[in-house]
2 protein chains.
Amino acid sequence: MVTIADVARHAGVSVSTVSYTLSGKRPISAETRKRIARSVAELGYRPNAKAQALASNRTNTLALMAPLRADNNVPVIMQFVAGIATAAREHDHDILLLTQGEGVEGVRRVRETALVDAVIVMDIEADDARLPVLRKMGLPAVLIGTTENAGGLVWVDLDFGRAAEACVDHLAGLGHRSILMLGSPSAVYERRSSYALAFAAGFESAVRRHGIDGRWCPSEPAYQAVSALVEQELARRPDTTALVVHNEGILGAVLGTLRRLDLRVPEDISVVALCPEQTAVNQVVELTGVAVPAEQIGRAAVEMVLRQVDGDGTAQTRLIAPQLTLRQSTAVRRA
Amino acid sequence: MVTIADVARHAGVSVSTVSYTLSGKRPISAETRKRIARSVAELGYRPNAKAQALASNRTNTLALMAPLRADNNVPVIMQFVAGIATAAREHDHDILLLTQGEGVEGVRRVRETALVDAVIVMDIEADDARLPVLRKMGLPAVLIGTTENAGGLVWVDLDFGRAAEACVDHLAGLGHRSILMLGSPSAVYERRSSYALAFAAGFESAVRRHGIDGRWCPSEPAYQAVSALVEQELARRPDTTALVVHNEGILGAVLGTLRRLDLRVPEDISVVALCPEQTAVNQVVELTGVAVPAEQIGRAAVEMVLRQVDGDGTAQTRLIAPQLTLRQSTAVRRA
DNA sequence: TTGAAAGCGATACCAA
DNA sequence: TTGGTATCGCTTTCAA
């Protein structure tokens with residue numbers, strides 16, 4: 001392994017000069033700079049990350065605690081992770097991947113062993129046990145998602161409440177008066193994932209505001225379960241003319257079931273989905289809906305957390321406005 | 001931050017004694033051990049990871065280069081990542097996440113800056129440019145997937161060739177003589193991902209061996225594209241009585257199209273899929289097929305790579321046998 | 001069974 | 001504009 005001392009020797013200068021040249025933290029004569037650059041190239045020198053971290057108290061790595069479970073909307077999680085990893089590299093940082101399972105102890109560990117400069121935490125739950133710890137530790141952090149007790153912490157998220165409202169507003173605007181919302185798997189609500197709760201709350205408030213009839217229920221991904229659920233709910237409320245689906249895993253089953261019931265989309269029933277654009281356009285009928293701008297949020301999270309690391313005290317929380325895209329699955333309610 | 005010196009002082013012993021006590025690398029009197037344990041607990045001491053790494057030349061972190069793209073079978077990738085991350089933690093290691101996009105330079109970087117002890121590389125392609133670099137660098141590594149020029153490197157993978165054969169064998173055994181295989185998106189073949197090529201090759205060799213008629217084509221996830229493709233291929237070869245699908249993203253569309261064409265599964269046409277169990281059982285008809293044991297492979301990769309780190313020269317490559325699970329989507333070919 | 005001290009490979013302060 | 005060197009927090013050799 002080639003060290004900074006090797007470079008210094010090779011270039012005939014001192015170690016500190018090499019260090020300063022590389023960091024640019026003090027002026028170096030063009031001549032010296034050139035000699036050092038040559039030596040670096042010739043020897044193929046790269047600073048040892050651990051030594052650098054130890055001396056500078058900066059690891060240039062970010063912890064990312066991500067929910068790697070199957071029950072969630074996996075593709076969206078993946079988009080978050082991809083966006084974060086890419087953005088981190090653009091800012092010359094690496095990602096240390098922690099699983100949700102490590103929980104509070106994971107956060108403590110990376111902090112106390114000084115493994116990372118900051119942490120990005122995904123999938124926030126109501127009364128999330130990690131939040132008080134993060135607050136107390138004072139480790140720079142950004143939450144992706146938020147909840148009531150997130151006060152004092154910086155977070156960024158899609159405004160899921162307004163996303164639900166956008167869906168309802170759109171349907172109400174088309175004249176729909178009776179809407180069924182199919183939610184995420186019940187496990188998601190049971191652990192009180194912030195985004196699912198926010199979407200459900202937004203849905204409820206929007207239907208109330210419009211004075212229309214709206215109800216919702218969790219839904220599991222099994223085809224038969226979806227099919228039975230949809231059939232039963234439509235039978236109970238035959239006046240239902242629109243569906244909102246906050247569960248990308250069941251879209252195929254929902255559309256299949258509607259066809260089985262001889263309900264055409266959008267002529268007989270409108271469907272709005274919260275899902276990635278890819279998923280939306282790959283269905284039998286291209287779906288109107290809102291997408292989680294996961295990559296954008298991931299990038300924002302990286303930038304927000306790095307600002308904190310750089311000591312910018314003006315850290316601001318960010319709520320991203322949802323954008324509803326019109327496609328083929330919604331239409332005016334038939335008279 | 002509390003350091004090893006603080007602990008030593010608090011316990012009234014030397015720094016080296018604390019270090020040896022913690023590492024267990026030399027005998028320590030029970031008395032001393034107890035005192036140190038108390039001090040550690042009382043002060044909440046945790047060794048600084050960077051200092052430890054610098055001194056011991058061991059980072060206790062593994063690089064994982066994962067394909068975080070959308071065109072792939074995202075859930076399976078996620079399972080790999082989850083298995084790897086979990087297994088790594090069980091062995092007291094962390095995961096540094098590299099994106100596929102970093103390519104050769106990513107591998108070089110983590111090696112030359114001494115960021116990690118070893119690397120796990122996913123999604124191997126034919127003539128993968130990373131392989132020669134890995135070989136030359138001598139960084140402990142495990143590939144998930146393999147290819148012709150992987151000689152000298154350790155890898156682990158599902159035997160995709162035999163997986164395809166298992167599917168064909170099963171169908172042939174049921175009397176099917178004309179099979180269509182719907183493959184992954186064409187981009188996957190274009191970049192020559194090892195698993196896709198191996199599956200296709202296995203399919204071809206199996207149909208040849210059985211002397212039956214088999215053909216295959218890539219398939220894109222868009223519903224209409226799938227639908228058109230299936231309809232066209234079945235029209236071209238009306239004797240087709242079985243489908244093999246190596247693309248979990250299109251399963252819903254395939255089944256939907258078959259129904260539209262009034263083909264019942266499995267009475268009129270059998271379907272075998274290579275996809276996660278979850279996906280298989282969540283379709284209208286539960287699908288017979290082979291699953292990638294992603295978590296198991298991920299765990300194996302971690303263990304294999306750690307063995308190398310520990311200097312076990314007997315590193316062995318592993319090819320996991322596929323397991324076909326019978327469900328509702330296959331039946332004897334009707335006379 | 002324990003301690004002292006020399007590294008590990010950088011950064012950055014203090015001098016010149 | 002440059003150099004010398006203490007320092008970061010730990011591991012491990014050498015000595016006792």
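- In this structure, A:Arg33 atom CZ and D:dT2 atom P are separated by 9 Å, rounded to whole Å.
- Under a 3.5 Å cut-off, the side chain of B:Asn60 and the backbone N or O of B:Asp92 do form a donor-acceptor pair.
- Overall bending of the helix from C:dT1-D:dA16 to C:dA16-D:dT1, expressed as the angle between end axes built from five pairs apiece, is 40° (10° steps).
- At whole-Å resolution of the value, CG in A:Asp6 and P in C:dG9 are 9 Å apart.
- Taking CZ of B:Arg58 as the reference point, atom CD of B:Gln52 lies at 11.0 Å (rounded to 0.5 Å).
- Considering only residues two or more places apart in sequence or on other chains, A:Thr32 meets the side chain to side chain donor-acceptor pair (under 3.5 Å) condition with A:Ser29.
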**Report entry** Residues B:Val305, B:Val119; criterion side-chain contact (heavy atoms from CB on, under 4.5 Å); working and verdict
**Finding:** CA-CA 8 Å; B:Val305 88; B:Val119 53; over 6 Å; no
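- Side chain of A:Thr61 to main chain of A:Val116: no donor-acceptor pair is present (N/O by atom type, distance under 3.5 Å, no hydrogens or angles).
- Not one side-chain nitrogen or oxygen of B:Thr32 sits closer than 4.0 Å to the OP1 or OP2 atom of C:dT1.
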Query raised in the report: What does nucleotides 10-16 of chain C look like as a protein-contact string, B for base, S for sugar-phosphate only, - for none, at under 4.0 angstrom between heavy atoms?
Result: BBBBB--
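- Between A:Tyr195 and A:Asp123 there is a side-chain heavy-atom pair separated by less than 4.5 Å.
- Nearest to the side chain of A:Pro27, among C:dG9, D:dT1, C:dT2, sits D:dT1.
- Every side chain to side chain donor-acceptor pair (under 3.5 Å) that B:Asp94 has, sequence neighbours left out, goes to A:Arg109.
- Between B:Lys50 atom NZ and D:dT7 atom P there is a gap of 18 Å when expressed in whole angstrom units.
- Under the side chain to side chain donor-acceptor pair (under 3.5 Å) criterion, the residue pairs touching residues 293-306 of chain B are B:Glu90-B:Arg299, with sequence neighbours excluded.
- By the 6.0 Å contact criterion, CZ on A:Arg38 is open, its count of non-hydrogen atoms from other residues, nucleotides or ligands being 12 or less.
- For the contact set between residues 105-114 of chain B and DNA chain C, defined by any heavy atom under 4.0 Å, there are no members.
- B:Thr147 and B:Asp128 form no side-chain donor-acceptor contact under 3.5 Å, judged by distance and modelled atom types alone.
- Ion pair A:Arg318/A:Asp157 not flagged as a salt bridge, since none of the NZ, NE, NH1 or NH2 atoms sits closer than 4.0 Å to an Asp/Glu carboxylate oxygen.
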